[in-house]
Colleague: 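Structure below; questions to follow.
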Amino acid sequence: MQLSEQELIRRQSREELIKLGIEPYPAELFHVNVSIKDILQNYEKRKTDYKNISIAGRIMSRRIMGNASFAELQDASGRMQIYIRRDDICPGEDKNLYNTVFKKHLDIGDIIGIKGYVFTTEVGEITIHVREFKLLSKSLKPLPIVKHAEDESGKMVTFDAFSDPEQRYRQRYVDLIVNPEVRDAFLKRTQLINTMRTYLNNKGYLEVETPILQPIYGGALAKPFKTHHNTLDMTLYLRIANELYLKRLIVGGYDGVYEFSKDFRNEGMSRFHNPEFTQIELYVAYKDYYWMMDLVEEMVEKVALQLHDTTEVKVGNNLINFQRPWPRLTMFDAIKKYTGVDISQMDETQLRKTAKDIGIDTDDTMGKGKLIDEIFGSKCEPNIIQPTFIIDYPLEMSPLAKKHRSKPGLVERFEVICNSKEICNSFSELNDPIDQRKRFEEQLELGKRGDTEAMVLDEDFLRALEYGMPPTAGLGIGIDRLTMIMTNQPSIQDVLFFPQMRPEQKIAEASEEDYVALGIPKEIIPVIQKIGINSVEDLKAANPNKLFNDICGMRKKMKLEIKNPTIEEVKGWLA
RNA sequence: GAACUUGUAGCUCAGCUGGUAGAGCAUUACACUUUUAAUGUAGGGGUCCUGGGUUCGAAUCCCAGCAGGUUCACCA
């Protein structure tokens with residue numbers, strides 16, 4: 001591992017601190033009695049309460065001016081300035097704590113605990129005057145330096161933002177340290193989930209857990225991840241939905257069950273798709289999809305109010321209003337509205353032709369349901385910004401939904417489209433076991449035609465239905481998508497702490513021992529690494545004459561006081 | 001999976017029609033007791049993503065690869 005100059009200096013600082021008797025990673029706790037947010041909010045009102053504070057955080061900037069210094073301390077709640085004066089922390093003759101420890105061996109990124117009092121500087125900034133400080137954790141890697149300042153109009157401007165998406169996602173910890181708004185988005189994500197949980201708990205529904213490893217995947221149209229259980233010697237799939245298990249629990253007699261669940265779909269990745277994503281699914285007995293529409297409206301409106309104190313949320317260039325009630329539009333009406341074509345009476349052939357006419361690619365594996373879905377997806381969804389219920393879907397694309405009470409060929413199903421994306425899916429659940437078996441069999445047919453997302457038949461689920469499931473309304477909400485909207489994030493990767501990414505390439509590096517084993521003196525090893533030789537293979541492939549020259553040249557460049565090897569020695573290593 | 005695009009110092013970025021690299025911040029040293037993108041002076045730091053090719057000469061042009069981003073396709 002090649003270290004940069006700054007990393008080497010920090011390692012040296014760590015050593016120096018130890019020599020000075022300062023433990024860079026102390027074991028004991030540091031007592032904290034206040035948060036930065038608390039100080040910033042309440043100091044002006046209750047100044048006497050902040051005469052003896054103890055607080056910990058990360059040093060985010062330093063301004064050293066001789067015998068006094070300013071630094072910024074960041075804790076979980078915010079960032080504020082601290083003031084350190086040499087003669088305060090070093091009252092005696094020994095000024096090392098300030099001159100050496102603070103000025104030389106502390107860095108941006110170090111975590112410290114301080115004790116002192118709050119005051120306001122001449123420039124008017126609330127600041128902690130430090131009486132004592134203690135190193136809590138030495139940071140060995142330099143943080144990206146992001147600076148903020150006000151421009152002439154008083155707007156906050158950011159300089160040198162840490163903005164490369166790859167680095168932000170791969171090293172989310174750095175992103176969270178230097179980009180406070182990122183922490184805020186994740187805070188809102190949790191608030192969103194908590195709001196829903198509280199809402200559903202208050203209604204008396206039971207939060208449950210169901211298997212992630214499933215012998216038969218079901219409940220959605222998607223490709224699964226496949227894995228293997230050794231003891232049972234059987235294939236298991238990571239769930240693509242929890243629908244079928246939750247309905248079994250409704251059969252078992254619970255009135256309402258819900259689960260926040262990680263689901264897994266082995267499909268493409270994009271800014272709207274991560275291989276693992278979070279859904280909430282809710283099933284309530286003795287209800288239908290009309291009832292569920294009211295619940296969704298109320299719950300999502302509550303989420304918006306909880307997060308923003310208003311039902312209006314700015315998302316990109318759109319202002320989305322979640323205030324109830326939301327418009328309700330049947331799927332056929334929606335298609336008619338946005339394409340001008342009435343497809344409600346069409347058969348598969350006519351649909352295929354219609355789809356082609358409006359520029360949609362079709363193939364033979366697509367059944368009637370899929371064709372309608374395509375038309376809707378490409379012609380309607382992009383135009384729907386405000387939350388809108390799309391209701392009454394064709395039977396073919398909803399194998400788990402109940403037949404419509406009055407409209408033949410349709411099912412009692414709705415989705416909410418918002419900001420051009422589906423945010424939830426719901427139906428009156430199919431509870432006729434004979435009809436359900438028939439629907440599964442139709443799915444098997446689609447599978448035979450080559451539809452890789454078609455459902456498989458779940459005998460145990462059918463057995464459960466045969467015991468009798470009450471009429472039930474079911475709901476699934478994509479938590480990631482809803483969070484994207486509620487926090488105005490353009491990409492799903494911005495609402496997942498650790499989005500899935502290709503693994504970082506790891507260079508196969510030879511260790512010091514590997515080189516020593518070849519007879520290379522220890523002090524020469526850094527020189528070899530500096531030249532760019534990182535593995536034994538690289539070394540063996542090198543031309544001995546060139547390598548000899550390079551080593552001698554690099555030794556000079558690095559100003560190392562070591563003896564050059566002889567050409568014979570170099571040849572010996574490569575032999 | 002496809003098209004386009006990006007990869008230069010710890011971070012953010014310059015680098016013209018090819019002549020082996022620059023800035024700001026960070027860092028190092030010195031100065032400085034209320035600053036705030038602190039300041040001043042001096043310094044250090046680079047397999048210019050990787051591998052080939054063209055060329056006297058490649059960060060720059062060409063090809064391939066790796067990784068990222070955007071858009072599209074599939075999907076929630």
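The figures that follow rest on heavy atoms only: side chains count, while hydrogens, waters and symmetry mates do not. Computed from a predicted model, the values in this text were never measured in an experiment. Just so it is clear: chains get the letters A, B, ... in the order the sequence lines come, proteins before strands, and each one is counted from 1.
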Colleague: Would you measure the distance from the C1' atom in B:G15 across to the matching atom in B:G24 and give it in whole Å?
Modeller: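 Per the computed distance, 15 Å lies between those C1' atoms.
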Colleague: Is the NZ or CZ atom of A:Lys115 positioned over A:Phe133's six-membered ring, under 6.0 angstrom from the centre and within 45° of the axis?
Modeller: no
Colleague: Would one find a side-chain N or O of A:Lys147 under 4.0 angstrom from OP1 or OP2 of B:A38?
Modeller: yes
Colleague: Is A:Lys141 close enough to B:U27 that one of its side-chain N or O atoms is under 4.0 Å from OP1 or OP2 there?
Modeller: no
Colleague: P atom, B:C11 versus B:C48: distance in rounded Å?
Modeller: 15 Å
Colleague: Quick one: is B:G10 close enough that its OP1 or OP2 comes under 4.0 Å of any side-chain N or O from A:Gln167?
Modeller: no
Colleague: Between the side-chain atoms of A:Asp160 and the base atoms of B:G24, is any donor-acceptor pair under 3.5 Å?
Modeller: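 Yes.
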Colleague: Has the side chain of A:Gln6 got a donor or acceptor atom sitting under 3.5 Å from an opposite partner on the base of B:A26?
Modeller: yes
Colleague: Identify the nucleotide, in any strand shown, that forms a Watson-Crick or G-U wobble pair with B:G22, with both distances under 3.5 Å; if there is none, say none.
Modeller: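 Matched B:G22 with B:C13 under the 3.5 Å cut-off.
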Colleague: Hey, can you tell me if A:Tyr117 and A:His129 have their rings parallel, tilted or perpendicular (30° and 60° cut-offs)?
Modeller: parallel
Colleague: Would you indicate what A:Asp87 reaches in the nucleic acid, counting non-hydrogen atoms under 4.0 angstrom: base, sugar-phosphate, or nothing?
Modeller: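 Touches a base.
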Colleague: Suppose we define a pair by two distances each less than 3.5 Å, Watson-Crick or G-U wobble; what does B:G1 pair with here?
Modeller: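 Answer to the pairing question: B:C72, which forms a Watson-Crick or G-U pair with B:G1.
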Colleague: For A:Lys103 and for A:Ile145, find the nucleotide of RNA chain B with the closest heavy atom, then tell me which residue's nucleotide is more 5'.
Modeller: A:Ile145
Colleague: Counting side-chain heavy atoms from CB outward, which of B:A73, B:U34, B:A37 is closest to A:Phe119?
Modeller: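 Side chain of A:Phe119 sits closest to B:U34.
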Colleague: Choosing from B:G69, B:G44, B:U35, which nucleotide comes nearest the side chain of A:Val123?
Modeller: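 Per side-chain heavy atoms of A:Val123, the pick is B:U35.
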Colleague: Considering only the P atoms, how many Å lie between B:A14 and B:C49, rounded to the nearest integer?
Modeller: 14 Å
Colleague: When you measure from the side-chain N and O atoms of A:Arg63 to the phosphate of B:U34, is any distance below 4.0 Å, counting only OP1 and OP2?
Modeller: no
Colleague: Say you pick atom C1' in B:G51 and the same atom in B:U12; how far apart are they, in whole Å?
Modeller: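 That atom pair is separated by 29 Å.
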Colleague: Contact class for A:Ala220 (heavy atom, under 4.0 Å): base, sugar-phosphate, or nothing?
Modeller: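 Nothing, no heavy atom under 4.0 Å.
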Colleague: Under 4.0 Å, counting only non-hydrogen atoms across every strand here, what does A:Asn425 touch: a base, just sugar-phosphate, or nothing?
Modeller: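 Nothing, no heavy atom under 4.0 Å.
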Colleague: Ignoring backbone atoms, test whether A:Arg86 places a side-chain nitrogen or oxygen under 4.0 Å from the OP1 or OP2 oxygen of B:U33.
Modeller: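 No, because none of the side-chain N or O atoms of A:Arg86 sits under 4.0 Å from OP1 or OP2 of B:U33.
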Colleague: For B:A64, give the paired nucleotide (Watson-Crick: N1-N3 plus N6-O4 or O6-N4; G-U: N1-O2 and O6-N3; both under 3.5 Å), or none.
Modeller: B:U50
Colleague: Do A:Arg62 and A:Phe102 meet the cation-pi criteria used here (NZ or CZ under 6.0 Å from the six-membered ring centre, within 45° of the axis)?
Modeller: yes
Colleague: What nucleic acid atoms does A:Glu122 come within less than 4.0 Å of, heavy atoms only: base, sugar-phosphate, or nothing?
Modeller: base
Colleague: Assess whether one donor atom and one acceptor atom, taken from the side chain of A:Glu125 and the base of B:U36, lie less than 3.5 Å apart.
Modeller: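 When only heavy-atom distances are counted, A:Glu125 does reach the base of B:U36 through a donor-acceptor pair under 3.5 Å.
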Colleague: Parallel under 30°, tilted from 30 to 60°, perpendicular over 60°: which one fits the rings of A:Phe70 and A:Tyr83?
Modeller: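 Tilted, since the angle between the ring planes falls between 30° and 60°.
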Colleague: A:Ile64 has a side chain; which of B:C32, B:U34, B:G68 sits nearest to it?
Modeller: B:C32
Colleague: Between A:Asn318 and A:Asn419, is any side-chain donor less than 3.5 angstrom from a side-chain acceptor?
Modeller: yes
Colleague: Please report the distance, rounded to the nearest Å, between OH in A:Tyr169 and C1' in B:U70.
Modeller: 12 Å
Colleague: Nearest to the side chain of A:Thr127, heavy atoms from C-beta on, is which of B:U34, B:U35, B:A37?
Modeller: B:U35
Colleague: To the nearest 0.5 Å, how far apart are CZ in A:Phe186 and CG in A:Asp175?
Modeller: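 Taking CZ in A:Phe186 and CG in A:Asp175, the distance rounds to 7.5 Å.
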Colleague: Taking the C1' atom in each of B:G44 and B:U6, what is the distance between them to the nearest angstrom?
Modeller: 30 Å
Colleague: Students often get this wrong, so: under 4.0 angstrom with heavy atoms, is A:Glu281 touching a base, only sugar-phosphate, or nothing?
Modeller: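 If one applies the 4.0 Å heavy-atom cut-off, A:Glu281 turns out to touch nothing in the nucleic acid.
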Colleague: Measuring only the C1' atom in each nucleotide, how far is B:G40 from B:C32? A whole number of Å is fine.
Modeller: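 Pairwise C1' distance, B:G40 against B:C32, rounds to 9 Å.
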Colleague: Map A:Gln81 and A:Ser4 onto RNA chain B by nearest heavy atom, then report which one ends up closer to the 5' terminus.
Modeller: A:Ser4
Colleague: Should A:Arg85 be listed as having a side-chain N or O under 4.0 Å from OP1 or OP2 of B:U33?
Modeller: no
Colleague: Could you check how far CZ of A:Arg170 sits from P of B:A67, rounded to whole Å?
Modeller: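 Roughly 9 Å, once rounded to whole Å.
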Colleague: If I pick the C1' atom on B:A58 and the same atom on B:U54, what distance separates them, to the nearest angstrom?
Modeller: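 B:U54 and B:A58 have their C1' atoms separated by 10 Å.
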Colleague: Please give the distance between the C1' atoms of B:U55 and B:C74 as a whole number of Å.
Modeller: 46 Å
Colleague: Need one value for A:Gln493: base, sugar-phosphate or nothing, where a base atom within 4.0 Å counts as base even if backbone is also close, heavy atoms only.
Modeller: sugar-phosphate
Colleague: Taking A:Arg239 first and then A:Glu259, would you say they form a salt bridge - that is, a charged N and a carboxylate O separated by under 4.0 Å?
Modeller: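 Looking at A:Glu259 together with A:Arg239, the answer is yes, because their closest N to O distance falls below 4.0 Å.
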Colleague: Report the nucleotide, chosen from B:U35, B:G69, B:G68, that has the shortest atom-to-atom distance to any side-chain atom of A:Phe70.
Modeller: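 Of the options given, the side chain of A:Phe70 lies nearest B:U35.
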Colleague: Within 45° of the six-membered ring axis of A:Tyr98 and under 6.0 Å from that ring's centre, is NZ or CZ of A:Arg86 located there?
Modeller: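 Ring-cation test returns no.
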